[in-house]
Amino acid sequence: MRAAAAHVRARAAVLSLAILVVFLAVWHVATRQPAAAATVDPAYAALVGNAAASGGKTPFPGPAEVGAQLLRHLGDPFYDRGPNDKGLGIQLGHSIARVLAGFILAALAAIPLGFLIGMSPVVYRAFDPYIQVLKPISPLAWMPLALYTIKDANTSAIFVIFICSVWPMLVNTAFGVGSVRQDWLNVARTLEVSRLRTALQVVLPAAAPTIMTGMRISVGIAWLVIVAAEMLIGGTGIGYFVWNEWNNLSITNILCAIFFIGLIGMLLDTALARIARLVSYKE
């Protein structure tokens, strides 16, 4: 069994590497063909025409250029040369801090409220209309109100992360708590276990995998939203970095930022997925 699993992992790794090689080869060829220049927007080509003409290259960078720029960013990720020139490490640090702050606040609010909703049909029916109305609202729609009332860009961004993170955790917690087997609750009631002990020792272990799934969904959405939110608030963050590099017409830096956005998102998801597996194993 272990040998078969190792064989599958090895074949998957080879296939994944082959996909990467094909992607890089297609990218390289597409950015080196003269015909590629015709696909560039004329207004953009006029802005970068001098730079493109001097090197005889198309405006869109190839994998070699992006790889070299990635190495430069990794070589000095925390430099600070002024408000509009900070290293990717600093920008990612601001974004991660905002995501974690909003995510933790959302967990502190959503999980207890989800427990209450899941354990009480009356509370569920009372809250359900508000959840159904508020949940579909785009988190960025709250940004103008947050900026108007809070009057601080950083806190407003954290508030938007809180809004987008709270709903998956709230809904999944309520669902997990409401799905606990009724005979377990009946046994606890027969033994005259208090509601608090029942919630902590019976309901929480049973609902933990579902709660972790909600947290995993929330952190993924939060990382998506922070990029757009930082484009609006400006100042610092990976979203602001992308927008600032677009204003500087640095497509290479934009592609580097996109790579790091995907990498950090994968690491956040992987961390919560491992915690979810531990919780499921213990349960």
Under 6.0 Å from the CH2 atom of Trp142, do we count more than 12 heavy atoms belonging to anything else shown?
no
Would you check, one step at a time, whether the test side-chain contact (heavy atoms from CB on, under 4.5 Å) holds for Phe241 with Ile261?
CA-CA 11 Å; Phe241 177 86; Ile261 290 169; over 6 Å; no
Restricting to pairs with a member in residues 154-163, which pass salt bridge (Lys or Arg N to Asp or Glu O under 4.0 Å), not counting sequence neighbours?
none
Donor-acceptor contacts, no H, no angles, side chain residues 86-94, under 3.5 Å, sequence neighbours left out:
| unit_1 | atom_1 | unit_2 | atom_2 | d |
| --- | --- | --- | --- | --- |
| Lys86 | NZ | Asp80 | OD1 | 3.0 |
| Lys86 | NZ | Asp80 | OD2 | 3.1 |
| Gln91 | OE1 | Gly237 | N | 2.8 |

Decide yes or no on side-chain contact (heavy atoms from CB on, under 4.5 Å) for Ser95 and Tyr240, but give the supporting numbers first.
CA-CA 10 Å; Ser95 298; Tyr240 171 73; over 6 Å; no
Which donor-acceptor pairs under 3.5 Å do the side chains of residues 10-17 make with protein atoms, sequence neighbours left out?
none

Distance-minimising heavy-atom pair for Met169 and Ala107
CE-N, 3.5 Å
Between Pro168 and Ile221, what is the shortest heavy-atom contact and its length?
CG-CD1, 3.9 Å
Determine whether a donor-acceptor pair (N or O, by modelled atom type, separation under 3.5 Å) exists between the side chain of Ser165 and the backbone of Ile161.
yes
Where do Thr252 and Val66 come nearest, in terms of heavy atoms and distance?
CG2-CA, 3.9 Å
With the threshold set at 4.0 Å, does a side-chain nitrogen-carboxylate oxygen contact exist between Glu65 and Arg72?
no
Go through the steps to decide whether Trp27 and Phe60 satisfy the test side-chain contact (heavy atoms from CB on, under 4.5 Å), and finish with yes or no.
CA-CA 10 Å; Trp27 181 7; Phe60 198 88; 3.6 Å; yes
Among the clusters formed by ILVMFWY side chains lying less than 4.5 Å apart, do Val177 and Ile217 turn up in the same one?
yes
Closest heavy-atom pair, Ile251 versus Pro61, reported as atoms and distance to 0.1 Å, is CG2-CD, 3.7 Å
Acceptor/donor pairs from residues 127-136 side chains to any protein atom, 3.5 angstrom cut, sequence neighbours excluded:
| unit_1 | atom_1 | unit_2 | atom_2 | d |
| --- | --- | --- | --- | --- |
| Asp128 | OD1 | Gln132 | NE2 | 3.2 |

Could you tell me which residues satisfy ring pair (Phe, Tyr, Trp, His ring centres under 6.0 Å) with Phe259, sequence neighbours excluded, listed by chain and number?
none
Could you check if a side-chain atom of Phe115 sits within less than 4.5 angstrom of a side-chain atom of Thr173, using non-hydrogen atoms only?
yes
So, using side chain to side chain donor-acceptor pair (under 3.5 Å) as the criterion, who are the partners of Asn247 when residues are at least two apart?
none
Tightest non-hydrogen contact, residues Gly75 and Pro77, listed as C-CD, 3.8 Å
Sequence-distant partners of Thr210, side-chain contact (heavy atoms from CB on, under 4.5 Å), two or more places apart
Asn172, Phe175
Non-hydrogen atoms of Met143 and Ala157 that approach each other most closely:
CE-CA, 4.2 Å
Pairs touching residues 103-120 that satisfy salt bridge (Lys or Arg N to Asp or Glu O under 4.0 Å), sequence neighbours left out:
none
Please name all residues satisfying side chain to side chain donor-acceptor pair (under 3.5 Å) with Thr155, sequence neighbours left out, ordered by chain then number.
Asp152
Going through the distances and angles, do Ile233 and Asn154 end up as a side-chain contact (heavy atoms from CB on, under 4.5 Å)?
CA-CA 8 Å; Ile233 65 172; Asn154 186 62; 5.8 Å; no
Parallel, tilted or perpendicular: which one describes the rings of Phe162 and Phe159, with boundaries at 30° and 60°?
parallel
Tyr124: partners by side chain to side chain donor-acceptor pair (under 3.5 Å), with sequence neighbours left out
none
Partner residues of Met231 under the side-chain contact (heavy atoms from CB on, under 4.5 Å) criterion, sequence neighbours left out
Val227, Val242, Trp243
Salt bridge (Lys or Arg N to Asp or Glu O under 4.0 Å) contacts in which one or both residues fall within residues 218-232, not counting sequence neighbours
Arg98-Glu230
